Amino acid sequence: MLTAVGEWQQGLAEAISARFGVALPPEQIPFTFPPKPEMGDASTPVAFSLAKALRRPPAAIAAELAAVSLAGVRESRAAGGYLNLYLDRGRAIGDLLAGRFTPAAVPGKVIVEHTNINPNKAAHVGHLRNAVLGDSLVKCLRYLGRTVEVQNYIDDTGVQVADVVVGFERIKGFSLGEVKALMAALSAFDPPKSGPFSEVRLGAWAARCPALLAEHPAWRGVERELERCCGRFDSFCWELYAQVGPWYAQSDEHKAARLETLHLMEAGGNETAAMAALVAEEMVRRHLGTMERLGIRYDVLPHESDILKIGFWRSCFDKLKAAGAVHLVPAESEDKNRGCWVMALAESDEFKGMSDADKVIVRSNGTVTYIGKDMAYQLWKFGLLGRDFHYRPFDTPLYEVWRTDAGTAQIPDGVILASEARPESLPKRDAGQAGMTGKSDHEASPSFGGGEAVINVIDVRQSYLQKIVKEGLRQMGHEAQADRSIHFAYEMVALATKFVRAEMEKGVRFDLSEEDLAKPFVEMSGRKGLGFQADLLLDRIKDRALHEIEAREPDLAKADPAQWESRADMLATAALRYYMVRYNRNQVVAFDLEQALAFEGDTGPYLQYACVRAEAILRKAAEQGVAVPDPDHAATLEALAPAFDDEGWALLSLFMRVPVQVKAAVDGLDLNIVARQFYEAAQAFHAYYHHFPVLQEPEDLKRRARLLTVALFARLLRQGLTDLLGIPVPERM
RNA sequence: GCGCCCGUAGCUCAGCUGGAUAGAGCGUCGGCCUCCGGAGCCGAAGGUCGUGGGUUCGAAUCCCGCCGGGCGCACCA
């Protein structure tokens, strides 16, 4: 079935063919939205493109096309070469509610990979940008009728995890048992459930610390980390990780610790490997918790350790060799890559002009690089590997999410599986939950991978590597899949030096030179502990929200603290998500706390407020016994639509643009246009609200038309914010 | 050196595949709550769209050069 716009394109194409003898494919007739409401509801500049071929002025062509009658169009007018359409308002609203502006569903599964945080420290604002962009993209794809599978890749075997393990074992002298005890102590911490973070949680934690230190003499070296972590394990590791770099720099012996640790992790069956698994698993749980605060969830968590154990790389390597995509550089050669398996990139257009066009895939010591593992993973995502993971539920009380499992394949004896290693104090999954019990897990486990298109949300600094993965697919003969491997590249989040200076004035220490501070922003670095933790940011925004709510409803905190909290959470989610999605993806976000904390103007809460205000009117109407017209009732629409104020109509007609904008957003991976669209709608509503009394309007027909306008606006905005931007809307704020 | 990205109002950013008079927010200044919630609204000031060419009926937008800034181009992920 054609969309409403599709019908206009069809109608115009036929008319153009009949009148001018020019065959124009309907989908090539462009539609835009006029800058002012009096210029109509939709518009096409098609006359401009016909002008040259027909050797007639655009205005004359548009004038002739204005005589063509189009479905659902009340009137067509030519204006300055444009053809402006004025719609039958009742019908247009009906079409919109019936989804006739949304493109038809597309078959095939899209796999979106995002978040991918190294499981060795707390998530920071940069990870938030990734997750928010990824999740918003997922929502937009689903809105357009796509089936989407969300994957969050866990690199649980890399040096980053090893570094934290080094921190625990070598720097702090922690045993596996002590790490377990620390995790247990932190997850047992039960701060008061409501009130500002800075007063309540921090206070309670500060009070708890001395007792913990007294109970655990082995923790004498971590007083500072413990105090600063606010009772969070990921935050503790954030502090710890920042100490590892300087420690390595102290001596060669220290440097060697990293490699030793990595070897122990690979070998398995020892305390170090168990600690790595334990730390990584708990970290993933923490990250899922952070993202859950923003309503971001995943379907499956592929683990790098499983990719290795189950032999994905070996299959991929066989395919690469069979296709001649990699070759071995002879060990006796003079080449700097001697002894390595490399992929030649020189012949590909993407890489021309490179001085060194070979990429090492397998090192001379026989180990595979990250890029190789990524290629195996990408093959699996497309169902091209011919092998699959086993799956089991990931151990978290938050929601049902699966993780990969190597099954019985090649797990060295004695390796403590992460699930067995979890501390007893963590909440256990409800055994009654479907698909969550014992043996039935495998039978009930859904299938993952085998997507028809793959979108990897990874920051722009990895573009080169993503290109190589794509090139690998191509060289293996998977041309079509290479074309459907999309790298959603976005610029990094850095710290605005303005913000850094403000923090330094408050006593926070950053290891930065004067030269760094002279720049507009500085890159974050987990290694240096230079960054801003995601949970802390959310806490700060929430605190602000709690205060703002309290200022408006002083009694709420006492009367209904749960409600108070829940509204503040929604405000924080809105502020943060909007902040992360409002920028163009090519724009470096120079993180500034002041901007992230803003609730006024071009912000998430402003959008929520528009919705809350509209719903307040409807609630008030109900209280006064005034009936709100039902938008789903066709006859009501027909009757009231002609009585819409022009401004009210202009407001509603903005929502007809949403499907077009979402399509454009997904095609161009420019999600900011979706955010902007709703911002404009909110702006239009706030203005409408001030200029058009609804309940006070004396004339019955007008009042009912305005109530209908408000009802439609509230529904469309709430739906849009929730479904596309993941911004929840409270009933009051 | 090669490649990608950014440069638009004091600051932070929009400006969609060239198209209607370059727009928002913050900040500044001035107004608006006996009236559906002031997290709001209305108004003012503020821009030679980094720069020089080119293509076009038409360029912030496309092409080329230059200037300034960021990021890539590992047997690290």
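As a basis for the values below, the full set of heavy atoms in this structure was taken, side chains included, without hydrogen atoms, waters or symmetry mates. Letters go in sequence order (proteins before strands), and every chain restarts at 1. Computed from a predicted structure; not experimentally measured.
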Going by an N to O cut-off under 4.0 Å, is there a salt bridge joining A/Glu615 and A/Arg619? no
Taking the C1' atom in each of B/U61 and B/A45, what is the distance between them to the nearest angstrom? 28 Å
With both distances kept under 3.5 Å, what pairs with B/G40, Watson-Crick or G-U wobble? B/C32
Pairing check on B/G1: which nucleotide meets the Watson-Crick or G-U wobble criteria with it, both distances under 3.5 Å? B/C73
Examine B/A14: is either OP1 or OP2 under 4.0 Å from a nitrogen or oxygen in the side chain of A/Gln587? Give yes or no. yes
Using a heavy-atom cut-off of 4.0 Å across all strands, would you classify A/Val612 as base, sugar-phosphate, or nothing? base
Please report, rounded to the nearest Å, how far the C1' atom of B/A14 is from the CG atom of A/Asp602. 9 Å
Provide the distance between the two P atoms, one in B/G30 and one in B/U17, to the nearest whole Å. 42 Å
Can a donor-acceptor pair under 3.5 Å be found between the side-chain atoms of A/Arg582 and the base atoms of B/A14? no
Which of B/C75, B/A39, B/G25 is nearest the side chain of A/Gln683? It is B/G25
Out of B/A77, B/C5, B/C16, minimum distance to the side chain of A/Gln661 belongs to B/C16
Counting the atoms with a prime plus P, OP1 and OP2 as sugar-phosphate, which does A/Phe48 contact under 4.0 Å by heavy atoms, base, sugar-phosphate, or nothing? base
Any strand: nucleotide that pairs with B/G68 via Watson-Crick or wobble, under 3.5 Å: B/C6
For a quick check of understanding: with a heavy-atom distance under 4.0 Å over all strands, which category does A/Phe599 fall into, base, sugar-phosphate or nothing? base
Taking CG from A/Asp670 and C1' from B/C13, how many angstroms apart are they, rounded to a whole number? 14 Å
Using the P atom in both, what is the distance from B/G10 to B/G3, to the nearest Å? 34 Å
Return the value, rounded to whole Å, for the distance between atom CG of A/Leu618 and atom P of B/G37. 11 Å
So does A/Arg619 get a side-chain nitrogen or oxygen closer than 4.0 Å to the phosphate oxygens (OP1/OP2) of B/C36? no
Is the base of B/A20 touched by the side chain of A/Ser43 through a donor-acceptor pair closer than 3.5 angstrom? yes
Give one of base, sugar-phosphate or nothing for A/Val694, where a contact means two heavy atoms less than 4.0 Å apart. base
Between the base of B/U21 and the side chain of A/Lys36, is there any donor-acceptor pair under 3.5 Å? yes
Carboxylate-amine/guanidinium contact A/Glu548 A/Arg552, below 4.0 Å: yes
Provide, to the nearest angstrom, the distance between the OH atom belonging to A/Tyr679 and the C1' atom belonging to B/G25. 5 Å
Tell me whether the OP1 or OP2 atom of B/G15 has a side-chain N or O from A/Asn672 closer than 4.0 Å. yes
Output the rounded distance in Å from CE (A/Met492) to P (B/G70). 9 Å
Taking a pair as Watson-Crick or G-U wobble with both distances under 3.5 Å, which nucleotide is matched to B/C11? B/G25
Can you find a donor-acceptor N/O pair under 3.5 angstrom joining the side chain of A/Ser364 to the base of B/C75? yes
Could you measure between the two P atoms, the one in B/C42 and the one in B/A24, and give it in whole Å? 10 Å
Whole-Å C1' distance, B/A9 and B/A60: 14 Å
Can you tell me if A/Arg258 uses its side chain to pair, donor with acceptor, with the backbone of A/Ala162 under 3.5 Å? no
To the nearest 0.5 Å, tell me how far A/Asn152 CG sits from A/Thr115 OG1. 4.5 Å
Taking 4.0 Å as the cut-off, does a side-chain nitrogen or oxygen of A/Tyr606 come that near to OP1 or OP2 on B/C41? yes
Do other residues, nucleotides or ligands put more than 12 heavy atoms under 6.0 Å from A/Glu515 CD? no
Presence of A/Arg706 side-chain N/O under 4.0 Å of B/C36 phosphate oxygens OP1/OP2: no
C1' spacing across the pair B/A77 / B/C73, given as an integer number of angstrom: 16 Å
Within the structure shown, what part of the strands sits under 4.0 Å from A/Ile468 by heavy-atom distance: base, sugar-phosphate, or nothing? nothing
If the cut-off is 4.0 Å, is A/Gln595 near the phosphate of B/C11, judged by side-chain N/O to OP1 or OP2? no
Report yes or no: is the cationic atom of A/Arg613 (NZ for Lys, CZ for Arg) under 6.0 Å from the centre of the six-membered ring of A/Phe685, at an angle within 45° of the ring normal? no
A/Arg461 atom CZ is separated from B/G70 atom C1', nearest whole Å, by 11 Å
Quick check: do A/Ile361 and A/Met375 have side-chain heavy atoms less than 4.5 Å from each other? yes
Passes side-chain hydrogen bond (donor to acceptor under 3.5 Å, both in side chains), A/Ser513 versus A/Asp516? Steps please. CA-CA 5 Å; A/Ser513 66; A/Asp516 288 332; 3.2 Å; yes
Under 4.0 Å, counting only non-hydrogen atoms across every strand here, what does A/Glu523 touch: a base, just sugar-phosphate, or nothing? sugar-phosphate
With a 4.0 Å cut-off on heavy atoms, is A/Ala687 in touch with a base, just the backbone sugar-phosphate, or nothing at all? sugar-phosphate
How many whole angstroms separate atom NE2 of A/His690 from atom P of B/C32? 14 Å
Is A/Leu571 touching bases, backbone alone, or none of the nucleic acid, heavy atoms closer than 4.0 Å? base
Tell me which nucleotide among B/G40, B/G70, B/A39 gets nearest to the side chain of A/Phe521. B/G70
From C-beta outward on A/Asn584, which listed nucleotide comes closest to its side chain: B/A20, B/G15, B/C36? B/G15
Distance in angstrom units between A/Gln466 CD and B/G72 C1', rounded: 14 Å
Taking NZ, NE, NH1 and NH2 as the nitrogens, is one of them in A/Arg338 or A/Asp335 under 4.0 Å from a carboxylate oxygen of the other? no
So what's B/G46 paired with, Watson-Crick or G-U wobble, going by both distances under 3.5 Å? none
State the pairing partner of B/G18; accept Watson-Crick or G-U wobble contacts with both distances under 3.5 Å, and report none otherwise. none
